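A short worksheet on the structure shown next.
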Amino acid sequence: MIDSIRETAGRWLGDGTIDAFVGFRRREDGSVVPTRIRKAADARRLVFGDGCVHNLMSYVDLGGEEKIGLLLKGCDGRALVQLMIEGEIERERVKVLGVVCPGLSSDGVLEPKCEACRVNAPPVYDELVATDGVEPWEREPSLDDVAAIESKPHPDRAAHFASEFDRCVRCYACRDVCPLCYCEECVTEKARPQWVEETIKPSSNFYWHLIRAYHLAGRCVECGECDRSCPVGVPLKVLNRKMAREVESMFGYVPGVDPEATPVLLEFKEDEEHLLCPGGVT
Amino acid sequence: MSSDYDPTIVGLLCNWCTYAGADLAGTTRIKHPQNMRAIRIPCSGRVSPHFLFTSFFQGADGVFIGGCHPADCHYTNGNYYARRRFALMKSLLDFVGVEPERMALEWVSASEGDRFAEVVTKFTEGVKGLRRPSALKRDGLES
Ligand code: SF4
Ligand code: SF4
């Protein structure tokens, strides 16, 4: 498989189809990091396998002009499609080398993001690299993490999240790594009005996590990069997964699947009164 | 918290309907609980998640949004967008510990003073029935 990744990336760079290719390379210490190459000769350094967890869509300059080649797993591919749905990137700007992802492990244990994976091959691609013995699949992952929260009474839920958010150092790594958090000016940076206080304290941390989850509702593709990037283990993905299930049950929408879809909050149906119940007064 | 729990409720009321309905309820002296602080907004579609979140962190026990009935929005379809957004805000807040009784989006027209009193009474009673303050108050989180 690695030969066909190298061959394709090299071919695209060599014949000028793309200006740059984003994939992975191995460092001398054995770790794997994302890399951007511009010369066909460098394609021989590309690798794929355990450690290639990063969502490479985070490395695409949405406003740019360059034509970019991308190595995309299922999760990364959904991010691309959701960005297309939101009009942030033209399909023509990227050449996609899809991989049928085997699921990635670290020290023999499947990565948490892969446990929660819904689709292991990108929904759109120009070429697809097969992995020995791995078929493309779609599945409905367990929602145990969401159910565990929902089994608690409301005051305990609030106490649980307050203690988890309390650790947040507001580095915004979760936001910056997210391929869908692309606002030029994040609400955390706005001063007039200042909805989210900058000071690190229980209420402002809680606020930050609410607005982050809301802004990603109907958009998050559950690649799990937020969880993976947090230096202090704040459970971010569970909020996104909860909202993803709500969006799916309310609107039948799964982000990052159908490039022709309309973002859920940019449309409505006239007969959606059921959305207000239960809990509505009347 | 005992039954004399006196919750603070923020009302985000559309200028073209519910706000006038509230006015009508007042001028025609229809009895309803006085827990709500009414804030006039141009349309239920103006309600951003910040309005709910900020209300709760700053001390609200409940947030009531009033908009024009479906098909009657002054701006054609602001209330339809509001309905989708509200459903998501509510499920998120519910998930992190705000009881669903503390949030409502209701349709009340300018001529429905009686309906205004009715839905606000039911909402207020629902919040009172929880018998405890909302867990999201800043003062509570920071004590
Ligand atoms: S989340 Fe799915 S597609 Fe992404 S790396 Fe894990 S198994 Fe592969
Ligand atoms: S990465 Fe973790 S610590 Fe940093 S802002 Fe996000 S949740 Fe907070």
Side-chain angles (χ1 to χ4, degrees), chain A residues 146 149-150 152-162 164-166 187 190 193-197 201-211 213-215 217-218 238-239 241-243 245-247 249-251 264-282, chain B residues 45 48-54 56-58 64 69-71 77-108 115 118-126 130 132-143:
Chain A
V146 173
I149 306 277
E150 286 173 338
K152 297 179 200 280
H154 284 86
D156 295 2
R157 296 184 198 183
H160 165 77
F161 280 111
E164 297 284 2
F165 298 155
D166 200 26
V187 65
K190 290 195 174 133
Q194 188 188 46
W195 293 112
V196 194
E197 277 184 274
K201 54 183 182 177
S203 62
S204 64
N205 281 9
F206 210 124
Y207 198 118
W208 154 234
H209 288 290
L210 283 185
I211 200 64
Y214 181 83
H215 280 170
V238 67
L239 289 156
R241 300 186 80 213
K242 161 69 181 172
M243 297 312 286
R245 290 322 173 286
E246 290 290 332
V247 166
S249 74
M250 288 178 193
F251 313 119
V264 271
L265 292 180
L266 292 191
E267 66 173 1
F268 60 83
K269 293 199 181 87
E270 289 182 9
D271 61 343
E272 290 181 323
E273 209 48 15
H274 59 278
L275 292 177
L276 299 185
C277 297
V281 176
T282 47
Chain B
S48 110
H50 294 300
F51 294 7
L52 266 85
F53 300 167
T54 300
F56 282 116
F57 283 107
Q58 294 198 0
F64 175 97
H69 285 274
N77 46 28
N79 50 358
Y80 291 132
Y81 289 111
R83 194 166 57 188
R84 281 198 166 199
R85 292 184 202 140
F86 176 75
L88 290 182
M89 294 171 206
K90 183 171 168 178
S91 37
L92 175 60
L93 285 163
D94 178 10
F95 188 62
V96 301
V98 181
E99 299 84 347
E101 291 85 349
R102 299 189 191 278
M103 304 163 263
L105 169 59
E106 293 285 346
W107 316 126
V108 179
R115 180 174 156 77
E118 184 197 336
V119 295
V120 167
T121 304
K122 275 195 197 163
F123 182 73
T124 310
E125 281 169 2
L130 295 167
R132 59 176 177 240
S134 157
L136 237 53
K137 296 189 191 213
R138 187 163 58 197
D139 294 348
L141 285 170
E142 261 135 50
S143 61

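None of these values were measured; they are calculated from a predicted model. All heavy atoms count here, side chains included; hydrogens, waters and symmetry mates do not. Protein chains get the first letters and strands the later ones, always in sequence-line order, with residue 1 at the start of each.
- For A:Lys269, the parts sitting under 4.5 Å from any heavy atom of chain B are the backbone and the side chain alike.
- The aromatic rings of A:His215 and B:His50 lie perpendicular to each other, with more than 60° between the two planes, well past the 30° mark.
- Heavy atoms of A:Val187 lying under 4.5 Å from chain B belong exclusively to its side chain.
- The two residues A:Met250 and B:Ser91 come nearest to each other via the heavy atoms CE-OG, 3.7 Å.
- Separation of atoms CD (B:Glu101) and NE2 (A:His154) is listed at 7.5 Å; rounding is to 0.5 Å.
- No side-chain heavy atom of A:Leu276 sits less than 4.5 Å from a side-chain heavy atom of B:Lys90.
- Looking at B:Phe53, both its backbone and its side chain come within 4.5 Å of chain A, counting heavy atoms on both sides.
- Interface residue A:Asp271: only backbone heavy atoms are found under 4.5 Å from chain B.
- Note on ring orientation: taking the six-membered ring where Trp is involved, the planes of B:Tyr80 and A:Phe268 are parallel (angle under 30°, cut-offs 30° and 60°).
- No other option in B:Leu136, B:Val96, B:Leu141 has as many heavy-atom pairs under 4.5 Å with chain A as B:Val96.
- In terms of the salt bridge (charged side-chain N to carboxylate O under 4.0 Å, His left out) criterion, A:Glu267 has no residue partners (sequence neighbours excluded).
- The distance from atom CZ of B:Phe95 to atom CD1 of A:Ile149, rounded to the nearest 0.5 Å, is 5.0 Å.
- Interface remark: A:Phe161 contributes side-chain atoms only to the contact with chain B (heavy atom separation under 4.5 Å).
- Contact count versus chain B (heavy atoms, under 4.5 Å) is highest, among A:Val146, A:Val247, A:Asp156, for A:Val146.
- Using a 4.5 Å cut-off between heavy atoms, B:Leu130 does not touch chain A at all.
- With a 4.5 Å cut-off on non-hydrogen atoms, B:Asn79 does not touch chain A at all.
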Exercise for the section: Test B:Phe56 against A:Leu210 for side-chain contact (heavy atoms from CB on, under 4.5 Å), laying out the working first. Expected result: CA-CA 12 Å; B:Phe56 282 116; A:Leu210 283 185; over 6 Å; no

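- For a residue to count as touching a neighbouring chain, one of its non-hydrogen atoms must lie under 4.5 Å from one of that chain's; by this rule B:Phe86 touches chain A with the side chain only.
- Both the backbone and the side chain of A:Lys201 come within contact range of chain B, each with at least one heavy atom under 4.5 Å from a heavy atom of that chain.
- For A:Glu272, the salt bridge (charged side-chain N to carboxylate O under 4.0 Å, His left out) partners at least two apart in sequence or on another chain are B:Arg84.
- Looking only at side-chain heavy atoms (C-beta outward), B:Arg138 and A:Glu197 come within less than 4.5 Å of each other.
- B:Leu88 has its side chain within reach of A:Phe251: a pair of non-hydrogen atoms, C-beta onward, lies under 4.5 Å apart.
- For chain B, the option among A:Pro193, A:Ala162, A:Ala159, A:Ser203 with the highest count of heavy-atom pairs below 4.5 Å is A:Ser203.
- You'll find the side chain of B:Pro70 stays beyond 4.5 Å of the side chain of A:Glu270, heavy atoms only.
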